Amino acid sequence: MASRTTRPITEIGAAVVGTGFIGEVHVEALRRLGVQVRGVVGSSHARAEERAAALALPPAYESFQAMLADTQVEVVHITSPNYLHYPQAKAALAAGKHVICEKPLTMTSTESAELVRLAEASELVNAVNFNLRYYPICQHLHQFVREGGLGDVRLVSGHYLQDWLLLDTDWNWRLEPALGGKLRAVADIGSHWMDLTSHVTGRQIVSVMADLKTFIPVRQQPTGPVETFARTGGPTSARTITTEDCATILLRFDNGAIGNLTISQISAGRRNTLEFEVDGSNSAAAWNSERPDELWIGHRGRPNEILPRDPSLLNAEGRAAASLPAGHNEGFADTFKALYRSVYRAVAGDGPSEPEYPTFADGHDSMLVCEAVARSAQQGTWASVAPT
Ligand SMILES: NC(=O)c1ccc[n+]([C@@H]2O[C@H](COP(=O)([O-])OP(=O)(O)OC[C@H]3O[C@@H](n4cnc5c(N)ncnc54)[C@H](O)[C@@H]3O)[C@@H](O)[C@H]2O)c1
């Protein structure tokens with residue numbers, strides 16, 4: 001990475017592409033950090049104008065190209081549907097912008113490999129938005145495991161369950177392979193679980209055995225546009241669905257550890273529940289995204305512990321991700337702030353020589369794991385994750 005002059009984060013200008021569910025979360029996190037949000041880009045200028053006004057932002061850009069032409073924009077956040085990530089990230093890098101791109105990084109590993117190559121050649125800051133790593137408890141666990149707190153990692157298990165696509169009347173662009181990719185639940189939320197557990201354990205997934213299932217083969221698509229997580233009425237047309245509603249996956253890690261993961265977008269009552277447990281040779285640790293400020297630590301020869309997200313009890317990595325004092329709950333939106341604090345330190349020329357945040361290389365690794373999942377499910381055998 002090229003050396004840069006250190007300067008205040010408040011001098012850095014950013015633009016956010018996509019004004020849906022997660023685009024707004026990006027905007028709010030940037031504002032909390034003091035980054036100048038110069039504007040947003042939407043699917044149409046009219047829609048972007050409406051969202052910009054609602055968020056009290058400067059007038060929206062006329063187009064993606066107009067945003068790239070703004071020399072005050074140094075960092076581009078890409079929060080559009082998945083099929084746009086590759087062309088938009090590529091164009092932003094070519095325009096000399098640092099890029100923070102939502103997951104999944106691209107539609108294929110061929111595309112993600114090219115983005116890694118382009119980003120490295122450009123020496124621009126590149127990050128993939130695996131924000132869940134930045135729950136302070138998860139950052140604490142990352143350091144704790146690295147320092148041997150659990151002993152050798154042996155077993156990694158858990159699930160990521162949602163219910164927002166339970167009914168055949170539930171619709172979103174993620175259901176369409178051309179917009180979201182051939183994998184749906186696995187790429188959309190399974191990618192988060194697999195990245196998070198790889199991060200906290202420091203271990204790579206090397207092979208997988210996957211079973212994918214589409215329980216709702218025909219859905220009713222509203223004839224008008226639909227916001228993510230929105231429930232709609234009105235006219236619909238029947239559409240055949242090929243992307244998976246749920247998946248079970250066995251995992252093998254590079255140190256010999258094994259694991260299993262259940263992923264679903266059709267689990268009634270589970271709005272957004274990610275849980276994992278890591279069992280080591282000395283102790284175990286478990287975390288649940290619905291109680292994000294607590295880490296369960298399991299022991300054999302003494303009572304188990306609950307570590308609260310108390311900055312005075314967390315290690316350096318956990319403390320660095322925390323924003324609030326103990327007892328004042330932190331949540332999903334706070335992880336974006338903590339992630340961008342790390343990324344924008346690098347943009348400001350003030351970061352460590354090696355990025356601490358997830359980069360395009362991590363996004364590419366995730367694509368390779370997802371492609372192994374698809375291959376395994378298709379062939380009914382274990383599939384190795386292709387080398388990077
Ligand atoms: N990190 C996370 O926790 C997290 C959570 C949700 C979504 N995501 C990712 O964020 C992305 C967006 O998901 P979402 O849930 O916000 O979807 P969404 O449908 O709510 O928002 C997508 C937005 O992109 C806009 N858009 C469409 N075409 C565009 C174009 N050509 N140029 C600019 N904008 C365009 C749409 O109008 C919409 O406002 C996806 O890649 C998804 O995987 C990540």
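Just so you know, ligand 1 is whichever comes first in the structure, and atom 1 is the first atom listed for that ligand. Predicted, not measured: the structure shown is a model, and the values here were computed from it.
- Checking E305 against H299 by side-chain atom types alone, a donor-acceptor pair falls below 3.5 Å.
- Nearest residue to atom 11 (C) of ligand 1 from G180, C101, S80 is S80 (criterion: closest heavy atom).
- Look at E290 and R271 and you find no salt bridge, because none of the NZ, NE, NH1 or NH2 atoms lies under 4.0 Å from a carboxylate O.
- Of the N or O atoms in N131, one or more lie within a sub-3.5 Å distance of an N or O in ligand 1.
- With hydrogens and angles disregarded, a donor-acceptor distance shorter than 3.5 Å links the side chain of R219 to the backbone of L165.
- The shortest N or O to N or O distance between I22 and ligand 1 is under 3.5 Å.
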message = Does F336 form a ring-ring contact (aromatic ring centres under 6.0 Å, His included) with F332? I'd like the steps, not just the answer.
response = CA-CA 7 Å; F336 289 71; F332 181 75; 5.1 Å; yes
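- In terms of N/O distances under 3.5 Å, ligand 1 is approached by F21.
- Backbone and side-chain nitrogen or oxygen atoms of N172 are examined, and none is located within less than 3.5 angstrom of a nitrogen or oxygen of ligand 1.
- The residue F64 has no part lying near ligand 1, judged by heavy-atom distances below 4.0 Å.
- With a heavy-atom cut-off of 4.0 Å, L132 does not touch ligand 1 at all.
- For atom 33 (C) of ligand 1, the candidate residues are S63, G42, S191; the nearest heavy-atom contact is made by G42.
- At least one N or O atom of G20, backbone or side chain, sits closer than 3.5 Å to an N or O atom of ligand 1.
- Cluster annotation: L115 and M107 are assigned to distinct hydrophobic clusters (Ile/Leu/Val/Met/Phe/Trp/Tyr, side-chain heavy-atom contacts under 4.5 Å, transitive).
- At a heavy-atom cutoff of 4.0 Å, ligand 1 is contacted by the side chain of F332 but not by its backbone.
- Looking only at atom types and distance, the side chain of N315 has no donor-acceptor partner in the side chain of E147 under 3.5 Å away.
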Verdict with reasoning, Q265 to D188, per side-chain hydrogen bond (donor to acceptor under 3.5 Å, both in side chains) = CA-CA 10 Å; Q265 294 178 317; D188 193 33; 3.1 Å; yes
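- No side-chain N or O of H77 forms a donor-acceptor pair with one of E102 less than 3.5 Å apart.
- The residue R51 has no part lying near ligand 1, judged by heavy-atom distances below 4.0 Å.
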